2 protein chains.
Amino acid sequence: MASASIQAYDIIKAEIISRRFRPGHRLVESDLTVLCDVSRTPVREALRRLVSEGLAEFSPNHGAQVADMAGEDLDALYELRTLIEGYAARRAATRITPAQIAELEMLADRMEELSAQQTVVPEEASANSRFHRIIIDAAKSSRLVSVSNLVVEAPLVLRTIEHYTPEERARSMQHHRELIAAFRARDSQWAEAVMISHIKAAFIAIGREVPNQKQV
Amino acid sequence: MASASIQAYDIIKAEIISRRFRPGHRLVESDLTVLCDVSRTPVREALRRLVSEGLAEFSPNHGAQVADMAGEDLDALYELRTLIEGYAARRAATRITPAQIAELEMLADRMEELSAQQTVVPEEASANSRFHRIIIDAAKSSRLVSVSNLVVEAPLVLRTIEHYTPEERARSMQHHRELIAAFRARDSQWAEAVMISHIKAAFIAIGREVPNQKQV
DNA sequence: CCCAAGCCTATCGTATACAATCATCTCTAA
DNA sequence: TTAGAGATGATTGTATACGATAGGCTTGGG
């Protein structure tokens, strides 16, 4: 069995990502003890971790609440994400292993199958997360992993792919294929360029949903 | 009075930065309770935070120990730091306030005074940290603050400026002056270029001290 | 009727006790 | 002599109790 604090972390994080806990929702420790079936100590550890990852906010003596990205500058966030993930793709291009490329391909296949359906199923979102995560890992930079968590995990609550038009969804699939091609060619510049396009496209979809954000 | 967990965090962090706790040193919770004069609970919170900031490492059921950068790829770390701080300088150039520029200037003055002495005093290091921190803040991107903590705080244990030759130290002062000039001119490209030079120069000094790291 | 002051409850912050785990050392047997 | 199993100690993981604090509600006065 996973440790209590891990369990609490996973449960609370799932509630936030799934938007069952809406932005601004107060994360009261005693409530979470019954939800997670552990005591307050591991709940607190989970909360502190979620805060450090940007999924929750914290005020002293007032506890944590689900992060509200509406208050944040989404423009700046996506600029940073473009920088980080572009860099990750650049490094990954010359370091990724054949096994990792194979897994990317498998995930791309699976996402294309799923995207044939009308509705977006959770599996498609998780496959997409995994796709990006493999690239981060392939960049072989331990700090980059923690850094990217900060800019990649938090935007998950925005649930980008649910907002894609059919055309945008198809383009996203194309980006995945093209990234794989760039990795096969071990071409850093190409991989970075595609990744930047990929993130920029996601930002546009978000921009439609979250108003009063300046676009680039 | 600062809260117990903040107090513990500050004390332990100071021990690590000052290298009184050497890399690899085990951070035993019960020992730290007597050092910080608080109970284990806030000590644990402080440790988890230090781990999340990369100043300590953690193994389940075995506790934390001071992060050992020798095991890490310094090349990758500084590449990332160049990327992040360069970006910060770029953004800051068009957003920094006159008051912030004035403070940068004051810090540059102070550092030059101090660098006239032979030995490096702690104040010089802290002024340097503050200088960089102001630029991060001036970039006006909340995520960037957490991200930069991850790549800026950790390398502090390497104590770069202590390893500078007189020539390098003078060059570092020049970089500070030139950064201020670039900010005055509100020139993003210039600011980013100077910052990249500044970080690269620091990396060379580190490279001499920590062997078997590949240089760029 | 509105405002302010003080109490009061909800909630967090900290300490401490107990349980679980891991590493090491010892003792035994092949 | 050495490998393995068991015991033992040190240390972390978790639960819970108590104290501190902040924000809301009530009550009294203007």
Side-chain angles (χ1 to χ4, degrees), chain A residues 1-16 20-68 70-71 142 146 149, chain B residues 1-16 20-68 71 142 146 149 154:
Chain A
M1 180 195 114
S3 81
S5 60
I6 307 267
Q7 179 182 333
Y9 172 80
D10 288 340
I11 292 175
I12 301 168
K13 180 173 172 181
E15 295 292 310
I16 295 174
R20 284 189 294 274
F21 285 171
R22 313 294 298 206
H25 180 250
R26 280 193 63 185
L27 297 165
V28 176
E29 293 171 4
S30 53
D31 295 351
L32 297 173
T33 59
V34 316
L35 174 69
C36 306
D37 194 35
V38 297
S39 81
R40 270 183 64 211
T41 309
V43 165
R44 279 176 67 88
E45 290 204 348
L47 287 179
R48 298 317 249 266
R49 188 171 158 199
L50 289 165
V51 167
S52 82
E53 289 174 357
L55 284 167
E57 291 159 352
F58 184 81
S59 342
N61 286 311
H62 192 251
Q65 51 184 67
V66 178
D68 190 358
S142 55
S146 350
N149 277 342
Chain B
M1 180 197 113
S3 80
S5 60
I6 307 269
Q7 179 182 333
Y9 171 80
D10 289 338
I11 292 175
I12 300 169
K13 181 173 172 182
E15 294 293 310
I16 295 175
R20 284 190 295 272
F21 285 172
R22 313 295 298 207
H25 181 247
R26 281 191 63 184
L27 298 164
V28 177
E29 294 172 4
S30 53
D31 294 351
L32 297 172
T33 59
V34 316
L35 174 68
C36 306
D37 194 35
V38 297
S39 82
R40 270 184 62 210
T41 309
V43 164
R44 280 176 68 87
E45 289 204 348
L47 286 179
R48 300 316 249 266
R49 189 170 158 203
L50 289 165
V51 167
S52 83
E53 288 174 358
L55 283 168
E57 291 159 353
F58 184 80
S59 345
N61 286 311
H62 192 250
Q65 50 184 68
V66 178
D68 189 358
S142 55
S146 351
N149 277 342

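In this text, all values refer to a predicted model and were calculated from it rather than measured experimentally. Computed over heavy atoms, backbone and side chain alike; hydrogens, waters and symmetry mates excluded. Reminder, nothing fancy here: chain letters follow the sequence lines and each chain counts from 1.
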Q | Comparing P60(A) and R40(B) on DNA chain D - which has the more 5′ nearest nucleotide | A |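 That would be R40(B).
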
Q.
On DNA chain D, does the nearest nucleotide to H62(A) precede the nearest nucleotide to I6(A) from the 5' side, or the other way round? Give the residue.
A. I6(A)

Whole-Å distance between [N] [atom2] and [X] [atom1]?
X	N	atom1	atom2	answer
Q7(A)	dG13(D)	CD	C1'	13 Å
N61(A)	dG19(D)	CG	C1'	12 Å
L32(A)	dT11(C)	CG	P	11 Å
E29(B)	dG13(D)	CD	P	6 Å
D31(B)	dA10(D)	CG	P	12 Å

Q) Heavy atoms, side chains only, cut-off 4.5 Å: are E15(A) and L35(A) in contact? A)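 A side-chain contact under 4.5 Å exists here.
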
**Q.** Validation row: R48(A), R48(B) side chains within 4.5 angstrom (heavy atoms)
**A.** no

Q | Sole residue of E45(B), K13(B), E57(B) in side chain to side chain contact (heavy atoms under 4.5 Å, CB included) with L50(B) | A |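 For L50(B), the side chain to side chain contact (heavy atoms under 4.5 Å, CB included) check succeeds only for K13(B).
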
Is the phosphate of [N] approached by [X] (side-chain N or O, under 4.0 Å from OP1 or OP2)?
X	N	value
S39(B)	dA15(C)	yes
S5(A)	dT14(D)	yes
T41(A)	dG13(D)	no
R44(B)	dT12(D)	no

Q: Determine the minimum heavy-atom distance between S39(A) and T33(A), stating which atoms define it.
A: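 Answer, listing the atom of S39(A) first, then T33(A): C-CG2, 3.7 Å.
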
Q: Just compare dT11(C), dG13(C), dA15(D) and give me whichever is closest to any side-chain atom of R26(A).
A: dT11(C)

Q: Select one nucleotide: of dG13(D), dA15(D), dG13(C), the one nearest the side-chain heavy atoms of R48(B).
A: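 For the R48(B) side chain, the nearest candidate turns out to be dG13(D).
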
(Q) What contact category does L47(B) fall into here, base, sugar-phosphate, or nothing, at under 4.0 angstrom with non-hydrogen atoms? (A) nothing

